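The shown structure was predicted, so the numbers you read here are calculated from the model rather than taken from an experiment.
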Amino acid sequence: MFCTRNRGKNMKTLHPQRLHHHHPHRPSVGLIGAPFCKGQPRGGVEGGPDLIRGARLVERLQAGGCAVKDYGNLQFEEFADDEPVGVVKNAKAVGSANQRLSEAVHAIKKDGHTSVMLGGDHSLAIGSIHGHAAAVGELSVVWVDAHADINTPMTTETGNLHGQPMSFLLRELRSKTPTLPNFSWIKPCVSAKNLVYIGLRDVDPAEHFILKLLGVKAFSMTEVDQLGISRVMEQTCDYLCDKVQKPIHLSYDVDAVDPSVTPATGTPVIGGLTYREGLYVTEYLCQTGRLSAVDMVEVNPLRGQTEQEVQSTVGTAVDLLLGCFGRQREGNHAPDYQLPLP
């Protein structure tokens, strides 16, 4: 429904926008803003959704042939008594915010849209993925990030919940994650075999252990360098689409991209994906026809040193989202003609 389908190995597809006359469905995007920062200590990331919208995201999606429904920004409850649980910080706020987001994403999916969640910090993936799975069932998750975000409340060194979302979502870690205040609603909904990481380069020892223990498929930046991004994406999709074609949830942290391109983010790590590699991930997943929900998180305007750094980060986030919906770099404004189909 969302893009040109091609299940062949080489994914050499015709430009989706040149085929729109023959396409029964235009991609339909349901946009939800989640201006939330309590999963980590740095203010500013709550400004991400409005900045991304302000870079003409909706208009540019529409110009590319998408129907867009903007559900606005969620409002989140404040908790005056949000004391740490062990080392874990802001559990009540994070649990409550994610419950609201889960319900919102569930509604967007039931309305028939591809969900696009604009963050906010990456703790929001808990609600986004949970709501998506509640609506559609079994998911594949592609997590593009410098960090694995799979610490548990028992292994986290910082206590920041944006470094832990995957641990609450994985069925295999259910017994390892104690229930936090406002977290009892969460039912783990992802199997380790349906998760792939791309772009890892700053992984804690405990996270290394968890990834190995669960046999999670992960492409670090070393593997991206060795294989090239096209092989990484081929292997990702071969792995995820091996038996059953499940809907794909793409959770994209802008810090996956190198900070020379996306510096305005809370935990930048040098040696990341190039702009082109970052975009290729989205274009490739679009072409599977299975992309069903997207998170774009950790854009933090207060972390940019200059206006240019902020604009580069926000502009890249917008381009990544456009790539998810069929924008081709070599032909944004394809002539309006019909191709003779075989």
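- In this structure the side chain of Phe79 never reaches within 4.5 angstrom of the side chain of Asn90, judged on heavy atoms.
- Residue Tyr239 places its OH atom among more than 12 non-hydrogen atoms of other residues, nucleotides or ligands, all under 6.0 Å distant.
- Side-chain contact check for Tyr275 and Asp258: no donor-acceptor pair (N or O, by modelled atom type) lies under 3.5 Å.
- Expressed to the nearest 0.5 Å, how far OG of Ser251 lies from CG of Leu124 amounts to 9.0 Å.
- Counting heavy atoms of neighbouring residues, nucleotides and ligands inside a 6.0 Å radius, atom CD of Glu138 exceeds 12 of them.
- Under a 4.0 Å N-O distance rule, the pair Lys38/Asp121 does not qualify as a salt bridge.
- Under a 3.5 Å cut-off, the side chain of Tyr284 and the backbone N or O of Cys237 do not form any donor-acceptor pair.
- Judged by distance alone, with hydrogens and angles left aside, the side-chain atoms of Glu172 form a donor-acceptor pair with the main-chain N or O of Ala192 at under 3.5 Å.
- If you run ring-ring contact (aromatic ring centres under 6.0 Å, His included) between His132 and each of His249, His113, His106, only His249 comes through.
- Minimum interatomic distance between Thr156 and Gly159 (heavy atoms only, all atoms of both residues): OG1-N, 2.9 Å.
- Closest approach of Leu250 and Val144 over heavy atoms only: CD1-CG2, 3.6 Å.
- Checked by atom type and distance alone, the side chain of Ser102 never pairs as donor or acceptor with a backbone atom of Asn98 at under 3.5 Å.
- For the pair Lys212 and Phe209, the cation-pi test (distance below 6.0 Å, angle within 45°) is failed.
- For the residue pair Asn73/Arg53, the side-chain donor-acceptor check at 3.5 Å is satisfied.
- Here Tyr197 and Phe219 keep their ring centres 6.0 angstrom or further from each other.
- Linking Ile, Leu, Val, Met, Phe, Trp and Tyr residues whenever their side-chain heavy atoms come within less than 4.5 Å places Val29 and Leu118 in a single cluster.
- For Thr262 (side chain) and Val257 (main-chain N/O), a donor-acceptor pair under 3.5 Å exists by modelled atom type.
- Side-chain contact of Ser292 with Lys109: a donor-acceptor pair under 3.5 Å is present, judged by distance alone.
- A donor-acceptor distance shorter than 3.5 angstrom exists from the side chain of Arg42 to the backbone of Gly266, with no hydrogens or angles considered.
- When all heavy atoms of Ala206 and Asn151 are compared, the closest pair comes out as CB-OD1, 3.9 Å.
- No donor-acceptor distance shorter than 3.5 angstrom exists from the side chain of Ser312 to the backbone of Gln308, with no hydrogens or angles considered.
- Judged purely by atom type and a 3.5 angstrom limit, Lys92 has no side-chain atom pairing as donor or acceptor with the backbone of Ser96.
- A salt bridge is defined here as a Lys NZ or Arg NE, NH1 or NH2 lying under 4.0 Å from an Asp or Glu carboxylate O, and Glu234 with Arg231 meets this definition.
- Linking Ile, Leu, Val, Met, Phe, Trp and Tyr residues whenever their side-chain heavy atoms come within less than 4.5 Å leaves Leu200 and Met233 in two separate clusters.
- Between Asp145 and Arg201 there is no salt bridge, since no side-chain nitrogen of the basic residue lies less than 4.0 Å from a carboxylate oxygen of the acidic one.
- Ser191 and Arg171 share a side-chain donor-acceptor pair at under 3.5 Å.
- Side-chain contact between Pro268 and Asp255 is absent, with no heavy atoms from C-beta onward closer than 4.5 Å.
- Using a distance-only test at 3.5 Å, with no hydrogens or angles considered, no donor-acceptor pair links the side chain of Asn160 to the main chain of His162.
- Paired with His122 under the rule side-chain hydrogen bond (donor to acceptor under 3.5 Å, both in side chains), one option of Asp295, Asp149, Thr267 passes, and it is Asp149.
- Remark: the Glu223 side chain and the Ser220 side chain contain an N/O donor-acceptor pair separated by less than 3.5 Å.
- Ring-plane geometry between Phe36 and Phe76 is classed as perpendicular, the angle between the planes exceeding 60 degrees on a 0 to 90 degree scale with a lower cut at 30.
- A heavy-atom distance below 4.5 Å is not found between the side chains of Thr282 and Leu322.
- Checked by atom type and distance alone, the side chain of Arg303 never pairs as donor or acceptor with a backbone atom of Pro263 at under 3.5 Å.
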